[in-house]
Amino acid sequence: MEPNIRNIAVLTSGGDAPGMNACIRAVVRTGIYHGRNMFGVMQGYQGLIDNNINEMTARSVSNILHMGGTVLKTARCLAFKEDAGMEIAFKNLQDRHIDGLIVIGGDGTFTGAKRFGEKYGINVIGIPGTIDNDLYGSDFTLGYDTAVNTIIDAIDKIRDTADSHDRLFFIEVMGRDSGCLALRTAIASGAEAVLLPEKETSLKQLITKLKSGVTTKKSSSIVIVSEGNKYGGAYDIAKSVKRKFTHYDTKVTILGHLQRGGSPSGFDRILGSRLGYAAVNAIIKGESMQMVGLRGNEIKLTSLEEALHAHNYKLEDDLLEMTHVLSI
Ligand SMILES: Nc1ncnc2c1ncn2[C@@H]1O[C@H](COP(=O)(O)OP(=O)(O)OP(=O)(O)O)[C@@H](O)[C@H]1O
Ligand SMILES: O=P(O)(O)OC[C@H]1O[C@](O)(CO)[C@@H](O)[C@@H]1O
Ligand SMILES: [Mg+2]
């Protein structure tokens with residue numbers, strides 16, 4: 001028999017990601033369609049602790065589908081990592097008889113959700129929402145596609161000026177521990193090299209690659225540096241390369257937080273809608289401690305535990321090898 005989950009809360013946590021609003025809309029409307037009471041928690045886990053929780057209607061989520069950011073706001077909440085913070089959060093949910101919690105966020109958010117669900121037995125479903133694409137069990141996380149397109153657009157513009165001036169550009173992209181954005185945008189922008197947190201490329205290898213570009217008469221070169229790269233960020237790498245390789249005038253661009261903003265792509269609007277709809281259907285059926293994700297073209301459940309073991313699996317060796325081959 002299905003458990004009678006009546007009151008469901010939704011929150012967004014960690015870095016915002018384009019498509020979160022489409023997802024919130026889908027969660028709220030699917031819940032209301034099924035006769036549930038729906039609540040929006042402001043500022044991620046911080047709102048659970050501060051009791052910043054509001055009942056939502058179908059109209060609360062009108063005209064947000066196309067918007068970047070998150071109308072529920074988000075936060076990196078240190079207090080939720082402490083037992084005392086979790087306890088207050090649980091009490092606030094209990095007081096409102098909230099028996100289902102849907103969290104939209106990345107690996108940190110899921111780590112918190114898993115601890116919370118295990119400790120208090122509340123039904124929890126995770127929705128992968130992060131530009132980092134660093135969760136196992138979903139080919140893509142919400143916001144990743146938009147961020148990839150935003151980065152490509154920026155690199156295309158840099159390529160114009162790099163080529164006009166015969167310059168070497170080091171472009172730093174986000175992804176604290178994940179090289180997904182860096183690798184995929186390197187392919188899509190035709191970068192000469194890419195430095196990732198997960199795979200080591202020595203300075204020597206990088207310089208050899210850049211020198212071969214000079215030999216084959218490349219007028220400009222672009223190196224994508226993932227922010228989590230072991231040898232440092234784009235400024236550090238540029239400085240080290242400049243000391244040993246003086247052929248090009250060298251410039252650095254840090255793309256920064258513009259990568260997280262903007263109206264979601266069509267793909268992220270559809271993905272957010274599908275994941276939000278599936279999350280509510282799953283929680284109503286009594287599923288808990290699971291993530292809803294896209295695999296192939298199907299929405300599948302993966303345990304939160306498994307979802308957190310993503311490292312390396314999304315950086316297929318052939319893609320790295322391919323960037324090398326295609327940029328000769
Ligand atoms: N071990 C933990 N226990 C409880 N809560 C946690 C834990 N780790 C993270 N959280 C909560 O999850 C929040 C979000 O985590 P984090 O800042 O790592 O972002 P994320 O969800 O990984 O998203 P993104 O990487 O896209 O920014 C943290 O601010 C904290 O409130
Ligand atoms: O916005 P903040 O808190 O500086 O966080 C930046 C981090 O968030 C992410 O953008 C993920 O949301 C990472 O790629 C990046 O390292
Ligand atoms: Mg994360």
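Keep in mind the model is a prediction, meaning the values are calculated, not measured. Computation of the quantities below employed the complete heavy-atom set of this structure, encompassing side-chain atoms and omitting hydrogens, waters and symmetry-equivalent molecules. Whatever order the structure lists ligands and atoms in, that order sets their numbers, starting from 1.
Any N or O atom pair closer than 3.5 Å counts here, and Gly129 shares no such pair with ligand 1. Checked by distance only, ligand 1 and Gly106 come closer than 3.5 Å through their nitrogen or oxygen atoms. Taking only nitrogen or oxygen atoms, main chain and side chain alike, Arg260 reaches within less than 3.5 Å of ligand 2. Residue contacts with ligand 1: Thr111 is placed with no nitrogen or oxygen under 3.5 Å of a nitrogen or oxygen of the ligand (distance criterion only). Every N/O-N/O distance between Met174 and ligand 2 stays at or above 3.5 Å. For a threshold of 3.5 Å applied to N or O pairs, the pair formed by Met86 and ligand 1 contains no separation below that value. The shortest N/O to N/O separation between Cys77 and ligand 1 falls below 3.5 Å.
Shortest contact from atom 13 (C) of ligand 1 to any protein heavy atom: Ser13 OG, 3.5 Å. Atom 22 (O) of ligand 1 has as its closest protein heavy atom Asp107 OD1, 2.6 Å. For atom 14 (O) of ligand 2, the nearest non-hydrogen atom of the protein is Asp132 OD1, 2.7 Å. The protein non-hydrogen atom at the shortest distance from atom 17 (O) of ligand 1 is Arg76 NH1, 2.7 Å. Here the heavy atom of the protein found nearest to atom 3 (O) of ligand 2 is Arg76 NE, 2.8 Å. For atom 15 (C) of ligand 2, the closest non-hydrogen atom of the protein is Glu227 OE2, 3.1 Å. The single protein non-hydrogen atom nearest to atom 5 (N) of ligand 1 is Gly112 CA, 3.3 Å, given as residue, atom name and distance. Here the protein heavy atom with the shortest distance to atom 18 (O) of ligand 1 is Gly108 CA, 3.4 Å. When only non-hydrogen protein atoms are considered, atom 26 (O) of ligand 1 lies nearest to Thr130 OG1, 2.6 Å.
Around atom CD of Glu200, more than 12 heavy atoms belonging to other residues, nucleotides or ligands sit under 6.0 Å away. Around the OH atom of Tyr231, the shell of radius 6.0 Å holds more than 12 heavy atoms that belong to other residues, nucleotides or ligands.
Side-chain atoms of Arg76 and Ser13 form no donor-acceptor pair, as typed in the model, at a separation below 3.5 Å. Inspection of the Asn37 and Asn7 side chains reveals an N or O donor paired with an N or O acceptor under 3.5 Å. A donor-acceptor contact under 3.5 angstrom links the side chains of Arg274 and Asn297, judged on distance only.
Residue-level proximity to ligand 1 for Tyr45 is carried by the side chain, the only part with a heavy atom below 4.0 angstrom. When non-hydrogen atoms are compared, ligand 1 lies under 4.0 Å from neither the backbone nor the side chain of Gln46. Residue contacts with ligand 1, taken as heavy atom pairs separated by less than 4.0 Å, do not involve Asp134 at all. The proximity of Arg115 to ligand 1, defined as any non-hydrogen pair under 4.0 Å, is limited to the side chain.
Between Phe116 and Tyr45, the ring center distance fails the sub-6.0 Å criterion. Taking the six-membered ring for Trp and the full ring otherwise, the centers of Phe170 and Tyr235 sit at least 6.0 Å from each other.
For the pair Lys91 and Glu87, the salt-bridge criterion is not met [side-chain N within less than 4.0 Å of a carboxylate O]. With respect to Glu192 and Arg159, a salt bridge is recorded, a charged nitrogen being found less than 4.0 Å from a carboxylate O. A salt bridge does not link Arg176 with Glu227: none of the charged nitrogens is closer than 4.0 Å to a carboxylate oxygen.
Thr146 and Ser265 get closest at one heavy-atom pair: OG1-N, 2.9 Å. Scanning both residues, Lys218 and Tyr248, for their nearest heavy atoms gives O-OH, 3.0 Å.
Set against the non-hydrogen atoms of Gly15, the atoms of ligand 1 under 4.0 Å away are 23 (O), 24 (P), 26 (O), 27 (O). Each of the following atoms of ligand 2 lies closer than 4.0 Å to a heavy atom of His257: 1 (O), 2 (P), 4 (O). Short contacts between ligand 2 and Gly175, defined as distances under 4.0 Å to a heavy atom of the residue, involve ligand atoms 14 (O). Atoms of ligand 2 found under 4.0 Å from any heavy atom of Arg176 (numbered from 1 in listed order, with element): 14 (O), 16 (O).
Asp107 contributes atom OD1 as its closest N/O/S atom to the Mg ion (ligand 3).
Among the backbone and side-chain atoms of Asp177, none of the N, O or S atoms lies under 2.8 Å from the Mg ion (ligand 3).
To the nearest 0.5 Å, the span separating CG on Asp139 from CD on Glu298 amounts to 11.0 Å.
For atom 7 (C) of ligand 1, the nearest non-hydrogen atom from the set Lys81, Arg260, Lys119, Lys114 comes from Lys81.
Using a 4.5 Å cut-off between side-chain heavy atoms of Ile, Leu, Val, Met, Phe, Trp and Tyr, with links allowed through other members, Ile254 and Met174 fall into different hydrophobic clusters.
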